[in-house]
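Data first, discussion second: the structure below is written as structure tokens.
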2 protein chains.
Amino acid sequence: MAKTHYSRFDCQPGCSVEAAVSLISGKWKCVVLWYLLEEGTLRFNELRRRINTITPRMLTHQLRELEADGLIHREVHAQVPPKVEYSLTARGRELTPILMALKAWGDAHIDLFGSKGTAGKPFTTASGEQK
Amino acid sequence: MAKTHYSRFDCQPGCSVEAAVSLISGKWKCVVLWYLLEEGTLRFNELRRRINTITPRMLTHQLRELEADGLIHREVHAQVPPKVEYSLTARGRELTPILMALKAWGDAHIDLFGSKGTAGKPFTTASGEQK
DNA sequence: CATCACGGTATCCTTTTTGATACTACTGGC
DNA sequence: GCCAGTAGTATCAAAAAGGATACCGTGATG
């Protein structure tokens, strides 16, 4: 193996866990990943409308990071008006068990959020507030 | 259901995932959790020595957040010199499948780290650098 | 008497992350 | 001619996170 890379043996236990978490820990990243997991392919403004409080700047930023980390694919169609589609890569789809486990845990311990602790308050949403 | 709490129906899909991730996304948090998972109970300086580049300030900070979020238990023994033991709570132990899945994913996609993308470089460690 | 280990604090500073607001080029429909 | 929708940028500001360094009281050890 290349010496410039690190192998799993170079670092202490928990290091790869930390590394993996760091890829999905930006604000809205999990929400984006979850939508892409559920709906397959979404355009920029489709995501934006689903996460209605996000600013375009933040959405762009998170999408670019997810793309740089190889978790999502960005496809630009050369047309006007512009059409850019986002979808999970194979690597991104491999996060599925993690996201499911996180969701299960999150739903099970939902009483934590909003009351005490360090977690931010849940946000309201375009799809959540009308019905 | 109480209006002051949120139910899983108040928020969009992915919200609970995001909430769960936010609890484990501080720097070193996963490393700490992993050590506690592996070794059961550890004292402050035991953790500190294992993660040798962490400052006491950061260790304290992360431990207090994990405690506030109900993931770890902090037990102070009234003696001198002080003895403080940290261990996972039941809730913390329920993170096991998540941490395992993250480790599996991280190890499988380890080529990502250090080269490109947004992930930080892996760190060297007390236990990793001698052999 | 000085030093070490214990489990932290206090203070200051830098970096990173997030947010608010305004703006772009282009085209199709009214 | 004007407005809406497309996918973003640019700029500035605020807030949060992280890092460096020094320090605390206590008690045992040398």
Side-chain angles (χ1 to χ4, degrees), chain A residues 18-19 21-32 35-36 41-69 72-87 117-124 126, chain B residues 18-19 21-32 35-36 41-69 72-87 117-124 126:
Chain A
E18 183 99 12
V21 167
S22 75
L23 301 188
I24 58 173
S25 64
K27 196 164 181 187
W28 309 113
K29 271 186 187 173
C30 285
V31 179
V32 167
Y35 273 122
L36 293 179
T41 298
L42 287 170
R43 299 174 63 173
F44 185 87
N45 277 340
E46 288 175 336
L47 279 166
R48 188 178 169 185
R49 276 188 294 264
R50 276 164 180 71
I51 315 178
N52 73 331
T53 59
I54 200 173
T55 62
R57 184 190 160 289
M58 275 302 287
L59 184 52
T60 301
H61 187 67
Q62 301 304 318
L63 287 169
R64 293 292 151 84
E65 281 194 358
L66 290 169
E67 190 195 2
D69 290 332
I72 65 172
H73 171 67
R74 175 171 182 263
E75 185 157 11
V76 184
H77 299 263
Q79 55 182 239
V80 143
K83 178 175 180 181
V84 180
E85 290 183 319
Y86 293 93
S87 56
T118 66
K121 304 180 185 59
F123 46 86
T124 47
Chain B
E18 183 100 11
V21 166
S22 74
L23 300 188
I24 58 172
S25 65
K27 196 164 181 188
W28 311 112
K29 271 187 187 173
C30 285
V31 179
V32 168
Y35 273 121
L36 293 179
T41 297
L42 287 169
R43 298 174 63 173
F44 185 85
N45 278 338
E46 288 175 336
L47 278 166
R48 190 179 168 184
R49 276 188 295 264
R50 277 163 180 71
I51 316 179
N52 73 332
T53 60
I54 200 172
T55 61
R57 185 189 159 287
M58 275 303 287
L59 183 53
T60 302
H61 187 66
Q62 301 304 317
L63 286 170
R64 292 294 151 83
E65 281 193 1
L66 289 169
E67 191 195 1
D69 291 331
I72 65 172
H73 171 67
R74 175 172 183 263
E75 185 156 12
V76 184
H77 299 263
Q79 54 183 236
V80 142
K83 178 173 179 182
V84 181
E85 291 184 317
Y86 293 93
S87 56
T118 64
K121 301 178 187 62
F123 46 86
T124 47

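Not measured: the values here are computed from a predicted model. Note on naming: letters A, B, ... go to the chains in the order of the sequence lines (proteins, then strands), and numbering restarts at 1 for each one. Every heavy atom of this structure was used, including side-chain atoms; hydrogens, water molecules and symmetry mates were not.
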Please give, in whole Å, the distance from D:dT9 C1' to A:Arg48 CZ?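 About 12 Å, once rounded to whole Å.
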
Mind calculating the distance between CZ (A:Arg43) and P (D:dG8) to the nearest angstrom?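 Distance check: A:Arg43 CZ to D:dG8 P gives 10 Å.
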
Summary of protein contacts for nucleotides 10-21 of chain D, nucleotide by nucleotide, where a base hit scores B, a sugar-phosphate-only hit scores S (4.0 Å, heavy atoms): BB------BBB-

In B/S/- notation (B base, S sugar-phosphate only, - none; protein heavy atoms under 4.0 Å), nucleotides 23-30 of chain D written 5' to 3' is ----S---

Over all atoms of both residues, closest heavy-atom pair of [X] and [Y]:
X	Y	value
A:Leu36	A:Tyr86	CD2-O, 3.4 Å
A:Ile24	A:Cys30	O-SG, 3.5 Å
A:Leu23	A:Leu66	O-CD2, 4.0 Å
B:Trp28	B:Ile51	CE3-CG2, 3.4 Å
A:Leu63	A:Ile72	O-CD1, 3.4 Å

Under 4.0 Å from a heavy atom of chain B: give me the 5'-most and 3'-most nucleotides of DNA chain C that qualify.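 Terminal contacting nucleotides, 5' to 3': C:dC6 to C:dT11.
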
Mind checking side chain to side chain contact (heavy atoms under 4.5 Å, CB included) for A:Lys83 and listing every partner two or more places apart, or none if nothing turns up? A:Arg43, A:His77, A:Gln79, A:Glu85

Only counting residues at least two apart or in another chain, list the ones meeting side chain to side chain contact (heavy atoms under 4.5 Å, CB included) with B:Val76.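 Residues passing side chain to side chain contact (heavy atoms under 4.5 Å, CB included) with B:Val76: B:Arg74, B:Val84.
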
Suppose we screen for side-chain hydrogen bond (donor to acceptor under 3.5 Å, both in side chains). Which residues come up paired with A:His61, at least two apart in sequence or across chains?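 Only A:Glu65 meet the side-chain hydrogen bond (donor to acceptor under 3.5 Å, both in side chains) criterion with A:His61.
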
Would B:Met58 and B:Lys27 count as a side chain to side chain contact (heavy atoms under 4.5 Å, CB included) here? Give the steps. CA-CA 8 Å; B:Met58 275 303 287; B:Lys27 196 164 181 188; 4.3 Å; yes

